[in-house]
Amino acid sequence: MSSAGVEPAASQAAIESAAQALMSGQLVAFPTETVYGLGADADNAQAVAQIYATKGRPSNHPVIVHLATPDDMQAWAKHLDQQAWQLAQAFWPGPLTLIVSSDAQTGTMITGGQTTVGLRCPSHPVARALLAEFARLKRQAGAVRAGVAAPSANRFGRISPTNADHVRQEFTEAIAAGLLVLQGGASEVGIESTIVDLSGLALGLPVTLLRPGAITASQIEAVLGQPVLAPTSESPRVSGSLKAHYAPTTPFGLVDGKDLDATVTQWLRQHPGCLAVMALRQAPRALDNRVQWFCMADDPSLYARDLYARLREMDDLGVAAIICQHPPQGLAWDGVVDRLTRAAAAFEGSSR
Ligand code: TXA
Ligand code: MG
């Protein structure tokens with residue numbers, strides 16, 4: 001296996017074979033600018049069922065449909081408000097998923113049995129080439145629409161993959177059985193797309209943010225000229241909002257920057273093992289040799305880009321715990337703070 005980020009992006013020939021594989025009902029793992037996805041023809045119920053089986057994911061969780069162009073939205077939505085077009089124009093192709101009312105033809109495995117569907121046009125060149133070639137083949141076969149259903153390419157509950165090696169670590173058996181993995185280097189955004197729910201607009205309900213990401217609520221508000229609210233208990237299910245979602249397997253705790261040194265010292269006093277620290281500053285000069293110190297970027301985009309690769313790296317060290325310095329306040333950090341808070345919530349109550 002080559003090291004992350006240096007492997008060449010998939011060739012046109014590899015992309016064409018992958019589009020053919022999707023046509024014949026097989027799964028394909030592919031890069032996007034957010035995280036890698038595990039894709040299937042969204043109009044092939046058996047292929048979509050394979051995604052759930054491969055991930056070990058509960059079958060009532062909806063999946064995002066990836067589209068080649070914004071115009072393709074029409075074929076998947078029952079009704080599109082002008083706000084959907086405004087957001088698509090402003091942010092697609094890119095790391096934004098729109099939840100809209102679903103067309104009646106869309107399978108319940110895509111919608112999770114709800115009346116909505118999640119749509120996204122990714123910007124990664126390999127994803128775009130795959131989606132375009134798949135759409136061409138579907139049209140040639142007489143289909144009226146083409147979409148690739150794809151959750152993140154990780155086993156359920158695990159950290160999302162941000163390079164092809166991560167995907168290979170997740171699905172060793174499926175890959176041995178023929179699962180194709182398209183390469184595309186390290187995902188630039190590094191955390192999953194922002195999800196914004198527009199499905200209530202027709203009923204006069206507000207726009208809600210279901211999952212924060214690189215595109216912030218205030219950027220969306222600026223385009224729409226209306227507020228974007230936090231989700232309520234009536235909002236549709238998002239598996240990423242489950243408590244234990246984005247978690248490493250190593251106990252993970254979040255602490256304020258001012259408490260970091262004291263927490264590390266106390267942990268070392270109380271525990272015999274080794275510790276990883278994810279901080280926003282360099283390691284102190286006299287660092288205990290049981291501590292592995294990771295200095296994260298003091299910039300939300302760079303932090304997000306490296307986050308999942310770092311968490312995997314720390315998980316693989318076999319340390320007894322990870323202590324993470326809480327990032328600064330501010331809207332631009334919302335996506336990162338959301339993932340870190342969920343990771344920590346998975347270990348609430350356990351000793352660090
Ligand atoms: O960046 C991303 O969004 C990546 C890449 C591969 O595109 N995909 C991704 O998929 O993160 P997944 O399945 O791991 O997370 C998508 C989230 C899930 O939590 C799912 O519940 C939610 O989107 N979702 C999908 N369709 C929905 C719908 N109709 N209503 C509400 N939530 C939906
Ligand atoms: Mg996921």
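Note that this is a predicted model, so its numbers are computed, not measured. Just so you know, ligand 1 is whichever comes first in the structure, and atom 1 is the first atom listed for that ligand.
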Smallest separation among heavy atoms of R281 and G257, with atom names = NH2-O, 3.7 Å
Check this for me - ligand 1, [X], N or O atoms closer than 3.5 angstrom, yes or no?
{"X": "T111", "value": "no"}
{"X": "Y36", "value": "no"}
{"X": "T32", "value": "no"}
{"X": "E192", "value": "no"}

Taking only heavy atoms of [X] into account, list the atoms of ligand 1 that are under 4.0 Å away from them.
{"X": "T116", "answer": "28 (C), 29 (N), 30 (N)"}
{"X": "H66", "answer": "5 (C), 6 (C), 7 (O)"}
{"X": "S193", "answer": "1 (O), 2 (C), 3 (O)"}
{"X": "V117", "answer": "29 (N)"}
{"X": "R57", "answer": "12 (P), 13 (O), 18 (C)"}
{"X": "G118", "answer": "26 (N), 29 (N)"}
{"X": "I99", "answer": "27 (C), 28 (C), 30 (N), 31 (C), 32 (N), 33 (C)"}
{"X": "I195", "answer": "17 (C), 22 (C), 23 (O)"}

query = Checking salt bridge (Lys or Arg N to Asp or Glu O under 4.0 Å) for the pair E173/R155: CA distance, chi angles, key distance, verdict?
reply = CA-CA 12 Å; E173 274 177 37; R155 282 175 286 124; over 6 Å; no
task = Could you see which bit of D197 sits under 4.0 Å from ligand 1, with heavy atoms only: side chain, backbone, both or neither?
result = neither
key: Mode of T34 contact toward ligand 1 - side chain, backbone, both, neither (heavy atoms, under 4.0 Å)   = side chain
Ion pair R211/D338, N-O distance below 4.0 Å = no
ask   = When you check the gap from the basic side-chain N to the acidic O, do E170 and R312 get nearer than 4.0 Å?
value = yes
Straight-line distance of [X] [atom1] to [Y] [atom2], nearest 0.5 Å:
{"X": "R310", "Y": "I322", "atom1": "CZ", "atom2": "CD1", "result": "12.0 Å"}
{"X": "L137", "Y": "L22", "atom1": "CG", "atom2": "CG", "result": "9.0 Å"}
{"X": "F347", "Y": "L254", "atom1": "CZ", "atom2": "CG", "result": "12.0 Å"}
{"X": "D103", "Y": "R145", "atom1": "CG", "atom2": "CZ", "result": "5.0 Å"}

query = Does at least one non-hydrogen atom of H61 fall below 4.0 angstrom from an atom of ligand 1?
reply = no
inquiry  = Is there a continuous path of hydrophobic side-chain contacts, each under 4.5 Å between heavy atoms, that joins M73 to I99?
reply    = no
ask   = Mind checking whether V255 and L268 sit in one hydrophobic cluster, side chains of I, L, V, M, F, W, Y counted as touching below 4.5 Å?
value = yes
ask   = Below 2.8 Å, any N, O or S contact between S152 and the Mg ion (ligand 2)?
value = yes
